Asker: 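I have a structure here, written as structure tokens, and I will follow up with some questions on it.
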Amino acid sequence: MWFWLSIIALLCWSGSDLFSKIGCRDARDKYSHLKMVIAVGVVMGLHALYEILTGTEISWSVIWTYLPVSLLYIGSMTLGYIGLRYIELSISSPICNSSGAIVAVLCLLTGTLDDSITGGMRWAVIGAVALVCAGVIGLGVVESREDDALRAARQEASNYKYAKSWLALCLPVAYCLLDAAGTFADSLVLETLNEDSANVAYELTFLLAAVVSFLYVVIIKKDKLVPKMEAPKYVGAIFETAGQFAYIYAIADSAHVALSAPIISAYCVASVVWSRIFLKEKLSAKHYIMIALVVVGIVMLGVFDI
């Protein structure tokens with residue numbers, strides 16, 4: 001069962017990437033990222049209600065304890081949604097998914113790396129981190145040095161043009177850093193909290209973020225929510241929540257976590273494939289080489305469940 005749950009998590013999270021990109025890529029809609037937060041918050045709120053009704057315990061104490069972690073995750077996802085306006089999904093997804101490498105660095109620096117990872121395995125983790133960092137830095141170099149005419153030519157089929165911009169790279173990198181901080185904090189906070197309760201606390205906080213975003217976008221700024229434009233966002237939100245559900249149960253099988261973790265962590269590969277098929281994104285060979293380095297490093301970290 002763990003295998004199919006892992007595949008479901010991989011497909012759902014890559015599907016979330018694809019539909020979030022479709023929902024947020026229109027640069028003319030300056031509130032698309034907040035509308036995406038509304039969609040995810042609504043879906044997560046409904047799932048939290050289901051969890052509460054089926055017996056998951058929740059209290060204000062749990063919500064407040066988990067609040068810093070929730071805010072880091074929500075902040076990172078919001079920045080990621082903004083970044084989808086300015087850069088190809090093929091580039092942003094591998095960068096965003098590199099947060100595991102940052103977590104590994106934090107674990108190494110603080111001495112909290114799993115005691116079972118010793119000797120050669122520890123050096124393998126360091127090597128994986130180096131691959132991810134090299135790939136991300138390489139993507140930045142390739143992006144900054146690419147000729148404008150070549151960029152325009154390869155983007156012709158997608159109908160969406162992305163100008164050379166450091167902001168385009170800084171946003172997914174910021175997502176990566178905040179998500180890594182959230183994951184690291186998560187590992188510490190969950191020592192004192194029930195995982196199901198913590199997840200519900202996160203979903204309820206996301207629901208609150210959705211309410212605040214709705215009040216700002218619709219009530220204060222008087223921007224409209226057009227069903228046709230919002231539909232991809234809600235599909236992405238459903239995929240995001242379903243992927244999280246499958247992920248929890250896939251890694252719960254501790255006997256196979258060394259196999260399920262790398263399968264799930266490679267979901268950015270599927271995101272690149274979907275972006276090529278459905279969004280008609282086309283990158284240069286140098287882009288794909290750098291992405292390959294990132295993906296190999298991510299999978300290696302997944303093997304050690306970082």
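Fair warning: this is a prediction, and the values are worked out from it, not measured in the lab.
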Asker: Enter the distance from Leu279:CG to Ile22:CD1 here, rounded to the nearest 0.5 Å.
Answerer: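 Going from the CG atom of Leu279 to the CD1 atom of Ile22 covers 5.5 Å.
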Asker: Flag the pair Ser275 / Leu18 as yes when at least one side-chain heavy-atom distance between them is below 4.5 Å, and no otherwise.
Answerer: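 Heavy-atom side-chain distance check fails, nothing below 4.5 Å.
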Asker: If you measure from CG on Asp179 to CG on Leu72, what distance do you get to the nearest 0.5 Å?
Answerer: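 Interatomic distance, Asp179 CG to Leu72 CG, rounded to 0.5 Å: 9.0 Å.
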Asker: Just wondering, do Ile220 and Leu215 contact through their side chains at under 4.5 Å, heavy atoms?
Answerer: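 Sidechains of Ile220 and Leu215: no contact.
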Asker: I want to check something: taking the side chain as every heavy atom from C-beta on, are Glu203 and Thr241 in contact at a cut-off of under 4.5 Å?
Answerer: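 Contact flag for Glu203/Thr241 side chains = yes.
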Asker: So which of Phe239, Phe278, Trp274 actually passes ring pair (Phe, Tyr, Trp, His ring centres under 6.0 Å) with Phe19?
Answerer: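 So, applying the ring pair (Phe, Tyr, Trp, His ring centres under 6.0 Å) to Phe19 and each of Phe239, Phe278, Trp274, only Phe239 qualifies.
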Asker: To the closest 0.5 Å, what do you measure between OH (Tyr202) and CG (Leu67)?
Answerer: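 Output value for this atom pair is 12.5 Å.
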Asker: Looking at every heavy atom in both Pro94 and Val294, which two are closest together, and how far apart are they?
Answerer: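 Nearest pair, atom of Pro94 first, then Val294: O-CG1, 3.4 Å.
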Asker: When clusters are formed by joining ILVMFWY residues with side-chain heavy atoms under 4.5 Å apart, either directly or through shared neighbours, do Val43 and Leu49 land in the same one?
Answerer: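 No; tracing contacts between hydrophobic side chains, which count when under 4.5 Å, never links both residues.
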Asker: Does a donor on one side chain and an acceptor on the other come within less than 3.5 Å for Ser93 and Asp17?
Answerer: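 Yes, because at least one side-chain N or O of Ser93 sits under 3.5 Å from a partner of the opposite role on Asp17.
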Asker: Taking all heavy atoms of Cys268 and all of Val295, pick out the closest pair and write down the distance.
Answerer: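 For Cys268 versus Val295, the nearest heavy atoms are SG-CG2, 3.9 Å.
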Asker: Nearest 0.5 Å, what's the OG1-NE2 distance between Thr56 and His47?
Answerer: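 Between Thr56 OG1 and His47 NE2, I get 8.5 Å after rounding to 0.5 Å.
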Asker: Following the transitive rule for hydrophobic clusters with a side-chain heavy-atom cut-off under 4.5 Å over Ile, Leu, Val, Met, Phe, Trp and Tyr, establish whether Val272 and Leu131 coincide in one cluster.
Answerer: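 Yes, Val272 and Leu131 fall within the same hydrophobic cluster.
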Asker: Would you kindly confirm whether Leu84 and Val217 end up in one hydrophobic cluster when ILVMFWY residues are joined by side chain heavy atoms under 4.5 Å apart?
Answerer: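 No, it is not one cluster - the side chains of Leu84 and Val217 are not joined through contacts under 4.5 Å.
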Asker: Taking Trp13 for the side chain and Glu240 for the main chain, is one N or O donor matched with an acceptor at less than 3.5 Å?
Answerer: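 Such a contact is found between Trp13 side chain and Glu240 backbone.
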Asker: Please give me the minimum heavy-atom distance between Thr65 and Ser61, naming the atom from each residue.
Answerer: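 Between these two residues, the closest heavy atoms are OG1-O, 2.7 Å.
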Asker: If the condition is side-chain hydrogen bond (donor to acceptor under 3.5 Å, both in side chains), which residues does Ser92 pass it with, not counting sequence neighbours?
Answerer: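 Residues passing side-chain hydrogen bond (donor to acceptor under 3.5 Å, both in side chains) with Ser92: none at all.
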Asker: Any side chain to side chain donor-acceptor pair (under 3.5 Å) pairs touching residues 214-236, not counting sequence neighbours?
Answerer: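 The answer is Lys35-Asp223.
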Asker: Side chains of Tyr73 and Asp186: is there a donor and an acceptor less than 3.5 Å apart?
Answerer: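 Tyr73 vs Asp186: donor-acceptor pair found between side chains.
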Asker: Go through the steps to decide whether Val37 and Phe206 satisfy the test side-chain contact (heavy atoms from CB on, under 4.5 Å), and finish with yes or no.
Answerer: CA-CA 8 Å; Val37 170; Phe206 219 126; 3.8 Å; yes
Asker: Side chains of Asn194 and Glu57, heavy atoms from C-beta outward: is any pair under 4.5 Å?
Answerer: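 The answer is no; the side chains never approach within 4.5 Å.
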Asker: I need the Ser197 OG to Ile63 CD1 distance, nearest 0.5 Å.
Answerer: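 With rounding to 0.5 Å, OG (Ser197) is 10.0 Å from CD1 (Ile63).
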Asker: For the atom pair OH (Tyr267) and CG (Leu11), what is the distance rounded to the nearest 0.5 Å?
Answerer: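 Taking OH in Tyr267 and CG in Leu11, the distance rounds to 13.0 Å.
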Asker: side-chain contact (heavy atoms from CB on, under 4.5 Å) between Met229 and Asp26: does it pass, once the steps are laid out?
Answerer: CA-CA 10 Å; Met229 299 295 291; Asp26 191 346; 4.2 Å; yes
Asker: Does OH in Tyr31 sit with more than 12 non-hydrogen atoms of other residues, nucleotides or ligands closer than 6.0 Å?
Answerer: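 Enclosed: over 12 neighbouring heavy atoms sit under 6.0 Å from OH of Tyr31.
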Asker: Is the shortest heavy-atom distance from the side chain of His33 to the side chain of Arg85 under 4.5 Å?
Answerer: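 His33 vs Arg85: side chains touch.
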Asker: Would Tyr247 end up clustered with Leu10 when hydrophobic side chains under 4.5 Å apart are linked, directly or stepwise?
Answerer: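 Hydrophobic grouping puts Tyr247 with Leu10.
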Asker: Hey, does Asn199 have a side-chain heavy atom less than 4.5 Å from the side chain of Gln244?
Answerer: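 They are in contact (side-chain heavy atoms under 4.5 Å apart), so the answer is yes.
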Asker: Given side-chain contact (heavy atoms from CB on, under 4.5 Å), test Val200 with Ile52 step by step and report yes or no.
Answerer: CA-CA 8 Å; Val200 169; Ile52 293 171; 4.0 Å; yes
Asker: Tell me the closest heavy-atom pair linking Tyr288 and Glu281, and the distance in Å.
Answerer: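 Closest heavy-atom pair between Tyr288 and Glu281: OH-O, 4.3 Å.
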Asker: Which heavy-atom pair separates Leu171 from Gly83 by the least distance, and what is that distance?
Answerer: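 Smallest interatomic distance, heavy atoms only, reads CD1-CA, 3.6 Å.
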Asker: Do the side chains of Tyr81 and Ser32 get nearer than 4.5 Å, heavy atoms only?
Answerer: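 Contact flag for Ser32/Tyr81 side chains = no.
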Asker: Are Val226 and Val218 in one and the same hydrophobic cluster, where Ile, Leu, Val, Met, Phe, Trp and Tyr link if side-chain heavy atoms are under 4.5 Å apart?
Answerer: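 Not linked; separate clusters.
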Asker: I want to check something: taking the side chain as every heavy atom from C-beta on, are Leu139 and His287 in contact at a cut-off of under 4.5 Å?
Answerer: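 Yes. Closest side-chain heavy atoms under 4.5 Å.
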Asker: Keeping Ser70 on the side-chain end and Thr205 on the backbone end, is there a donor-acceptor pair under 3.5 Å?
Answerer: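 No.
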Asker: Looking just at side-chain N and O atoms, do Arg276 and Ser90 make a donor-acceptor pair shorter than 3.5 Å?
Answerer: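 No, Ser90 and Arg276 have no side-chain donor paired with an acceptor closer than 3.5 Å.
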Asker: What pair of heavy atoms forms the shortest contact from Ala209 to Ile74, and how long is it?
Answerer: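 Scanning both residues, the minimum pair turns out to be CB-CG2, 4.2 Å.
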Asker: Could you tell me which residues satisfy side-chain hydrogen bond (donor to acceptor under 3.5 Å, both in side chains) with Ser76, sequence neighbours excluded, listed by chain and number?
Answerer: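 By the side-chain hydrogen bond (donor to acceptor under 3.5 Å, both in side chains) rule, Ser76 matches no residue at all.
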